[in-house]
Colleague: 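Quick one: the structure is below, questions incoming.
Just so it is clear: chains get the letters A, B, ... in the order the sequence lines come, proteins before strands, and each one is counted from 1. Hydrogens, waters and symmetry mates are skipped; everything else that's a heavy atom, side chains included, is used. These figures come from a predicted structure and were not determined experimentally.
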Amino acid sequence: MEPYRPKSAAARWLQSRLPLPGIIHHLFAARTPRNLNWMWVWGIILVFCLGLQIVTGAVLAFHYTPQTELAFASIQRIVRNVNGGALLQSLHANGASLFFIAIYFHIFRSIYYGSHKPPREVTWLIGMTMYLVLMTVAFMGYVLPWGSMGVGAATVVTGMFGTIPWVGDALQAWVLGGPSVGNATLNRFAVLHYLLPMVALGLMALHIWSVHVSGNSNPDGVEPRQDPEGNARDTLPFWPYFVLKDLLALVLVLVIFFAVATFGPDTFAHPENFVEAGGPITDAAPEWYFLPFYAILRSITPDLWPVQALHWISGGLLDAAFLGVLALFASVLVLMFLPWLDRSPVRSARYRPVFRVAALLLAADFVMLGWCGAGSGEGPWGLIGTLYWFGFFLVILPVLSRRERTRALPETIGRA
Amino acid sequence: MMKIALLVAMLMAPPAVAQGIFQTYDSDQLRRGLEVYTDTCSACHGLKHVPLRSLGDPDGPALDAAAIAAIGTPTDHFPPSALPEAPDLSVMARARSNPDHIRALLQGYTGEEREDHGAYLYGNTEFAGGWIAMPPTGLDAAQSEDVAAFLAWAADPNMAARKRSGFTAVAYLLVLAVLLALTTRSVWRRQPR
């Protein structure tokens with residue numbers, strides 16, 4: 001990449017004081033592998049989602065009241081009395097769903113094409129941290145309208161802290177700000193729902209920065225050549241080629257997004273969340289994007305022999321509820337260690353026939369777990385899904401890293 | 001690839017979805033439903049989140065100013081439930097997974113009756129558990145349908161306006177998508193090799 005030369009006097013003036021024009025120039029001039037496919041568009045969609053949620057969320061916060069007696073009514077006021085409020089509320093609520101659809105495609109692309117492998121582990125770690133932050137934000141946002149489903153979910157999720165031996169009850173009360181989900185809980189959730197997206201914004205900046213240090217990964221998993229002629233054959237500047245392609249993908253996704261948010265705004269919502277909280281909690285289910293992990297939580301039942309064995313060995317300290325919570329957290333945290341579990345030197349699944357099948361099965365497993373999470377939780381499928389989830393990361397990946405016979409890699413991206 | 005997938009998805013959308021997209025409220029039916037609500041439901045139930053002003057919405061019952069003034073001050077809301085055990089109906093139509101729930105409930109009485117710890121319960125095939133504390137209303141099928149439509153409007157008064165925004169947004173975005181697709185194709189064709 002050629003060094004930045006300011007073209008205008010104003011740019012020269014700013015560049016010598018704060019090199020912002022240079023940074024922007026480098027973002028757009030970045031040499032990007034020619035062979036990026038449509039799975040590389042989810043990043044721009046995620047940037048859009050964070051922007052959309054922050055802008056619509058700020059306007060909703062102008063009118064929202066984080067108080068248990070008033071919260072539900074304040075959402076109704078936004079929808080009925082605020083100009084454009086119904087559309088804003090629908091875009092924000094459905095924006096969370098779009099966010100997670102994009103997150104799951106983006107993460108799966110990384111797993112499938114080995115984008116997390118050296119030298120991109122830091123990008124992966126920042127991304128996974130962002131994922132944890134955004135899960136927290138989404139969960140808290142689900143509670144803010146003070147509907148019975150959201151408050152039920154808050155009771156269940158904070159109840160997970162209560163299952164921890166010895167410190168559980170004290171920790172749960174500390175998280176809730178009282179003995180149960182109440183006004184103190186709603187207040188802190190509202191504050192954190194506003195604060196944590198700013199943390200995510202900072203992490204997103206670091207994520208993009210780290211991508212620009214190591215360069216984009218690509219579907220063939222071979223690095224672009226570094227000599228000037230080879231580099232020119234393997235890469236294209238980000239502007240205009242990938243900016244246009246990403247914008248096209250974004251607009252196509254937005255067609256579907258706006259259709260859902262305006263024609264069927266309750267498609268992804270639980271009807272019970274339109275009942276103001278306060279009555280007895282009869283049912284609690286998470287939003288669809290947490291259902292796979294919810295299925296893992298529910299798959300650990302007291303009748304499993306390893307659970308009974310651990311219960312007996314620990315003298316009753318470890319019960320099925322706590323082990324289920326451990327499985328839930330482990331199922332998310334295991335993703336963090338992916339670059340050190342998948343040590344195969346070949347990045348892309350295109351050249352790893354066995355891994356390719358295993359990774360596609362992981363995607364199918366994730367969908368199946370989601371389906372189990374939405375159902376009654378009976379039957380063996382939740383447990384089978386949980387076993388494959390952990391089996392993929394902890395057994396299949398380390399074994400394949402050593403044993404798999406990979407196909408010959410292309411010498412360069414240009415020859416792929 | 002993506003455009004083809006989108007086209008296939010649009011063509012494969014079930015007729016019910018297409019019907020849902022174009023469906024709006026019928027002001028005459030909403031006015032009849034309002035009458036049923038006022039005469040029957042409001043004896044116990046409330047609509048505390050619904051401003052009276054919104055009865056004048058042309059997408060809704062489209063009452064004129066004098067008709068609204070006859071009900072109350074336009075800036076006021078409908079009163080809350082008169083009976084504490086009768087749930088508020090402002091968003092009831094969106095709070096049940098069955099979109100036909102309210103009509104089916106009003107018509108779902110079996111005629112059976114039983115006493116449970118001093119309270120009367122009435123057999124109803126639509127109500128979860130089969131027994132409901134609300135006594136039969138005596139509304140006929142047409143009245144039930146009208147009041148259900150009125151409550152659907154009360155729960156989502158912006159549906160028609162939101163759908164109009166949706167058509168505008170989707171139309172502009174599709175135009176933008178076509179322009180971007182053409183631009184992207186012509187730019188990528190001229191890429192340096």
Colleague: Does atom CZ (B/R31) have a neighbourhood of more than 12 heavy atoms from anything else shown, all under 6.0 Å?
Modeller: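 Atom CZ in B/R31 is packed in, count exceeds 12.
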
Colleague: Hey, which of A/K245, A/E272, A/M149 has the most heavy atom pairs under 4.5 Å with chain B?
Modeller: A/K245

Colleague: Where on B/R53 is there a heavy atom nearer than 4.5 Å to chain A: the side chain, the backbone, both, or neither?
Modeller: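 Contact with chain A: side chain only.
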
Colleague: To the closest 0.5 Å, what do you measure between CG (A/D246) and CG (B/L180)?
Modeller: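 A/D246 CG to B/L180 CG: 11.0 Å, rounded to 0.5 Å.
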
Colleague: Sort B/P157 into side chain, backbone, both or neither according to what part of it lies under 4.5 angstrom from a heavy atom of chain A.
Modeller: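 Contact with chain A is through the side chain of B/P157 alone.
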
Colleague: Can you give me the closest heavy-atom contact between A/V251 and B/L173, atom names plus distance?
Modeller: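 Nearest pair, atom of A/V251 first, then B/L173: CG1-O, 3.2 Å.
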
Colleague: Aromatic rings A/F263 and B/F167: how do their planes relate, parallel, tilted or perpendicular, breaks at 30° and 60°?
Modeller: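 Correct class here is tilted.
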
Colleague: Counting only heavy atoms from other residues, nucleotides and ligands, does the tally under 6.0 Å from CZ of A/F105 exceed 12?
Modeller: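 Open.
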
Colleague: Would you mind checking which part of B/A155 comes under 4.5 Å of any heavy atom in chain A, side chain (CB onward), backbone (N, CA, C, O), both or neither?
Modeller: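 Contact with chain A: backbone only.
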
Colleague: Count the heavy-atom pairs under 4.5 Å between each of B/S54, B/A95, B/G166, B/P51 and chain A, then report the option with the highest count.
Modeller: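 Of the options given, most contacts go to B/A95.
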
Colleague: By a 4.5 Å heavy-atom criterion (distance strictly below it), what part of B/A93 contacts chain A: side chain, backbone, both, or neither?
Modeller: neither

Colleague: Quick check on B/E126: does its CD atom have over 12 non-hydrogen neighbours (other residues, nucleotides or ligands) under 6.0 Å away?
Modeller: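 Result for CD/B/E126: enclosed.
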
Colleague: Taking side chain as everything from C-beta outward and backbone as N, CA, C, O, which of these in A/L247 sits under 4.5 Å from a heavy atom of chain B? Side chain, backbone, both or neither.
Modeller: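 Both backbone and side chain.
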
Colleague: So, taking the atom named CZ in B/R162 and the one named CZ in A/F258, what distance separates them when rounded to the nearest 0.5 Å?
Modeller: 13.0 Å

Colleague: Based on non-hydrogen pairs under 4.5 Å, which of A/L236, A/V243, A/L254 is most in contact with chain B?
Modeller: A/L236

Colleague: Around atom CG of B/D64, are there more than 12 heavy atoms of other residues, nucleotides or ligands at under 6.0 Å?
Modeller: yes

Colleague: Using the six-membered ring wherever Trp is involved, compare the ring planes of A/F242 and B/W188 and label them parallel, tilted or perpendicular (cut-offs 30° and 60°).
Modeller: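 If you compare the ring of A/F242 with that of B/W188, the planes turn out perpendicular.
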
Colleague: Given a strict heavy-atom distance threshold of 4.5 Å, which part of A/A261 is in contact with chain B: side chain, backbone, both, or neither?
Modeller: backbone

Colleague: For A/L248 and B/A177, work out which heavy atoms get closest and say how close.
Modeller: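 Heavy atoms of A/L248 and B/A177 come nearest at CD1-O, 3.4 Å.
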
Colleague: Is it the case that atom CD in B/E85 sees more than 12 heavy atoms from other parts of the structure closer than 6.0 Å?
Modeller: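 Yes, the 6.0 Å shell around CD holds more than 12 heavy atoms from other groups.
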
Colleague: What residues of residues 74-82 of chain A make heavy-atom contacts with chain B at a cutoff under 4.5 angstrom?
Modeller: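 Counting heavy atoms that sit under 4.5 Å from chain B, the residues of residues 74-82 of chain A involved are A/Q76, A/R77, A/V79, A/R80, A/N81.
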
Colleague: Start with the C-alpha gap between A/V275 and B/R96, add the side-chain angles, then the distance that decides, and say whether side chain to side chain contact (heavy atoms under 4.5 Å, CB included) holds.
Modeller: CA-CA 9 Å; A/V275 178; B/R96 296 290 180 270; 4.0 Å; yes

Colleague: Against chain A, work out which of B/P192, B/S165, B/A171 has the most heavy-atom pairs shorter than 4.5 Å and name it.
Modeller: B/P192

Colleague: What's the separation between atom CD1 in B/I21 and atom OG1 in A/T262, rounded to the nearest 0.5 Å?
Modeller: 8.5 Å

Colleague: Are A/E276 and B/S90 side-chain neighbours, meaning at least one heavy-atom pair lies under 4.5 Å?
Modeller: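 No, side chains not in contact.
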
